[in-house]
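Take a look at this one; I'll ask things after.
Proteins come first, then strands; the chains are lettered A, B, ... in the order of their sequence lines, and each starts at number 1.
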There are 2 protein chains.
Amino acid sequence: MRDRPQTTAPAGRPAVAARPVIRRALLSVDVVLFTPHGRRLTVLLVRAADPRARERWELPWDAARTDEALDVAAARIARSALGAGAAWTRQVVASGGDQRHPGETEFSIAYLGLVPAGTPPPVGGEASWFPLDEIPPVAPRHRAMVDSALGMLRLELDQSPVAFRLLPPTFTLSQLQEVYEVLLGRKLHKASFRRALHAAWLVEPIDEWRSEGRGRPAQLFRYAPKKRRTSRRGVRFDLLG
Amino acid sequence: MRDRPQTTAPAGRPAVAARPVIRRALLSVDVVLFTPHGRRLTVLLVRAADPRARERWELPWDAARTDEALDVAAARIARSALGAGAAWTRQVVASGGDQRHPGETEFSIAYLGLVPAGTPPPVGGEASWFPLDEIPPVAPRHRAMVDSALGMLRLELDQSPVAFRLLPPTFTLSQLQEVYEVLLGRKLHKASFRRALHAAWLVEPIDEWRSEGRGRPAQLFRYAPKKRRTSRRGVRFDLLG
DNA sequence: TGACATTAGTGACCGAGTGTGACTAATTCG
DNA sequence: CGAATTAGTCACACTCGGTCACTAATGTCA
């Protein structure tokens, strides 16, 4: 990203890229890409473009262009860093100059992007997935963006079916439950989870089973929202927080 | 706002302000202030500073300053337009140049602010409360900001007790229910509302009663959150939207 | 002045939703 | 073959939320 060539090819980017000209911009667009790895959520970081940077890793970012909408820029930056597009993006937060940005920009707009499990970063070592509790030192503004993005993701979780964007097209219900447990940060009861999922008509079974290791094989499902249960519920003051 | 003098005094601002020098900025901070008027939610608009503007009204805004944090700028702009500060502010959305802004700025960051019922705009006719369904023509980006702010407010409604920020310090439960009904856009059942409110320990009664017109006088309450009901609930897929 | 309308506030019922444990099913491993 | 492991379902108890019905306290008006 930044002044690196925008190869759309997923791999083959030269490991020794032309060192970019460091330029200061007023406004940057930064992308926080999440994907699950096992029971942990990971975030994509790329090697700092500036060799003199205080931190060796940073979020994918670029200066905002006046001829490009913000969400288009976020999609472009994600594609540039990952080789493939994110399955879902959403604006998270704008932050100002009270926290240091690797590009020394005055203001930044952070985007959240979800990537299905199993998507590898492009080869070449310029980008890697880091578990949330093993993030290397990054600029303070980038660190705050990761936290905000995680909060936004959890908030979005019970507003729209974003969990499916972290899974491949077909998946087992145990996989789906695991994603929810990772995002919510707590265990869920199997029976409750499946009962609620069934009532919402969000998935449909396909005629395929998968056996991973030992144990009974699991049926595969696909995301296929059917009806819109217009359940008008009361005011739940008690889950305010 | 903009180049008008920042009088902190609520009134007495000269009606004939010095016409501001029109300057182009890359980034603006815009504030959507809400307050209830009866059964309707209203938004604060100010007269366009530029006499040649396409629209006569606009949201309070100012160019972003590199030496000021974004939320501080939003608070300043709100105070400048209203004479008093907002009871609660929150960043809503950043938008780009695909929608026209009255200041022709490339990018904008919108903030939402809540103002307790009964707060008047400063005299002088430069600012007025407009019901949401009677908003005069404003620039497209400002129109979109109002919609986004309303969406954010409704989303925030069941995350944190924001409804109390739209009420004076003491209020009746009927007033509180009315605020919720305005924000949710639907009627609530009295018994259900009070039961849930009681269970959440968010308000406490004070030894005062108010009689408005006919009917039994209502007891006054004050916002005083007590316990934090840590009700761990299951996954509610059915209210996904 | 007394019936009535109006607003405030509470109690109780009932069905739907949720937490939980226990059960069956199908596979791998030894 | 039996134990271990993972998938999937059932049933029970309990809570929560929608609703109706009732009481309480005031103003209005004939």
Side-chain angles (χ1 to χ4, degrees), chain A residues 38-39 157-158 167 170-181 184-222 227-240, chain B residues 38-39 157-158 167 170-181 184-222 227-240:
Chain A
R39 288 207 165 271
L157 188 62
D158 42 55
L167 287 172
T170 68
F171 47 85
T172 70
L173 296 191
S174 295
Q175 280 181 295
L176 180 62
Q177 180 175 345
E178 191 175 278
V179 166
Y180 267 89
E181 287 176 345
L184 294 172
R186 62 187 169 100
K187 287 285 186 181
L188 298 175
H189 204 275
K190 188 173 47 167
S192 293
F193 181 81
R194 291 176 186 227
R195 189 206 298 130
L197 186 61
H198 190 76
W201 294 90
L202 285 180
V203 299
E204 75 180 10
I206 64 176
D207 200 43
E208 244 178 280
W209 281 261
R210 173 194 301 166
S211 72
E212 303 181 75
R214 42 195 162 289
R216 172 175 167 175
Q219 187 163 19
L220 288 179
F221 288 76
R222 124 181 90 204
K227 320 176 184 181
R228 180 64 43 210
R229 282 274 308 271
T230 58
S231 68
R232 281 281 156 257
R233 306 179 63 254
V235 187
R236 300 270 315 175
F237 295 102
D238 57 331
L239 41 78
L240 265 43
Chain B
R39 288 206 165 272
L157 188 63
D158 42 56
L167 287 173
T170 67
F171 47 85
T172 69
L173 295 191
S174 295
Q175 281 182 294
L176 180 61
Q177 181 174 345
E178 193 176 276
V179 166
Y180 267 90
E181 287 175 345
L184 293 171
R186 63 189 169 100
K187 288 282 185 183
L188 298 175
H189 217 272
K190 186 173 50 169
S192 294
F193 182 81
R194 290 175 185 228
R195 189 205 297 129
L197 186 62
H198 191 77
W201 294 88
L202 285 180
V203 298
E204 76 181 9
I206 63 176
D207 201 43
E208 246 177 279
W209 280 261
R210 174 193 299 166
S211 71
E212 304 181 74
R214 42 191 162 288
R216 171 176 169 175
Q219 187 164 19
L220 288 179
F221 287 76
R222 124 180 91 205
K227 320 175 184 179
R228 179 67 42 214
R229 281 273 309 270
T230 59
S231 68
R232 282 278 156 258
R233 307 181 61 256
V235 187
R236 299 270 313 176
F237 294 102
D238 57 331
L239 42 77
L240 266 43

- Item | Nearest-Å distance for atom pair CZ/P, residues B/Arg194 and C/dT7 |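 Value for this atom pair: 13 Å.
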- For B/Phe221, which residues count as a ring-ring contact (aromatic ring centres under 6.0 Å, His included) partner, sequence neighbours excluded?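 So B/Phe221 forms no ring-ring contact (aromatic ring centres under 6.0 Å, His included) with any residue.
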Can you give each donor-acceptor pair under 3.5 Å made by side-chain atoms of residues 171-178 of chain B, sequence neighbours left out, with the distance rounded to 0.1 Å?
from	atom 1	to	atom 2	distance (Å)
B/Thr172	OG1	B/Gln175	N	3.1
B/Gln175	OE1	B/Thr172	N	2.9
B/Gln175	OE1	B/Arg210	NH1	3.1
B/Gln177	NE2	B/Glu181	OE2	3.2
B/Gln177	NE2	B/Leu188	O	2.9

- Please report, rounded to the nearest Å, how far the C1' atom of D/dT6 is from the CH2 atom of A/Trp209.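 Nearest whole value for this atom pair: 16 Å.
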- Message: In whole Å, I'd like the distance from the CD atom of A/Gln175 to the P atom of D/dT6.
- Response: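 Those two atoms, CD and P, are 14 Å apart.
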- Among C/dG9, C/dT27, D/dG18, the nucleotide that comes nearest once only the side chain of B/Leu173 is considered: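 Within the option list, the nearest is C/dG9.
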- Take atom NZ of B/Lys187 and atom P of D/dT19, then tell me their distance rounded to the nearest Å.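 B/Lys187 atom NZ is separated from D/dT19 atom P by 14 Å.
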- Query: Rounded to the Å, how far apart are B/Phe171 CZ and C/dA8 C1'?
  - Reply: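 Taking atom C1' of C/dA8 as the reference, CZ of B/Phe171 is at 16 Å.
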- Name the nucleic acid region contacted by A/Ser174, choosing base, sugar-phosphate or nothing; use a 4.0 angstrom heavy-atom cut-off, strictly under.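 Since only primed, P, OP1 and OP2 atoms lie under 4.0 Å of A/Ser174, the category is sugar-phosphate.
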- Item | Most 5' of B/Ala218 and A/Arg195 on DNA chain C, judged by nearest nucleotide |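 Nearest-nucleotide comparison on DNA chain C picks B/Ala218.
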- Query: So what does B/Ala191 touch, heavy atoms closer than 4.0 Å: a base, only the sugar-phosphate, or nothing?
  - Reply: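 If one applies the 4.0 Å heavy-atom cut-off, B/Ala191 turns out to touch a base.
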- Task: To the nearest Å, give me how far apart CZ (A/Arg210) and C1' (C/dA26) are.
- Result: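 Roughly 17 Å, once rounded to whole Å.
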- Interatomic distance, A/Ile206 atom CD1 to A/Gln219 atom CD [nearest 0.5 angstrom]: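 Going from the CD1 atom of A/Ile206 to the CD atom of A/Gln219 covers 8.0 Å.
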- Task: Of all the heavy-atom pairs spanning B/Phe237 and A/Ala200, show the shortest one and how long it is.
- Result: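 That closest heavy-atom pairing would be CB-CB, 3.4 Å.
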- Task: Rounded to the nearest angstrom, tell me the gap between atom NE2 in B/His189 and atom C1' in C/dA12.
- Result: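 Taking NE2 of B/His189 and C1' of C/dA12, I get 13 Å after rounding.
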- Query: Given atom CD of B/Gln177 and atom C1' of C/dG9, what is their separation to the nearest angstrom?
  - Reply: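 Distance check: B/Gln177 CD to C/dG9 C1' gives 12 Å.
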- Toward the 5' end of DNA chain D, by each residue's nearest nucleotide, B/Ser192 or A/Gly215: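 Nearest nucleotide further toward 5': that of A/Gly215.
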- Could you say whether A/Arg216 or B/Arg214 is positioned toward the 5' end of DNA chain C, judged by the nucleotide with the nearest heavy atom to each?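 Nearest nucleotide further toward 5': that of B/Arg214.
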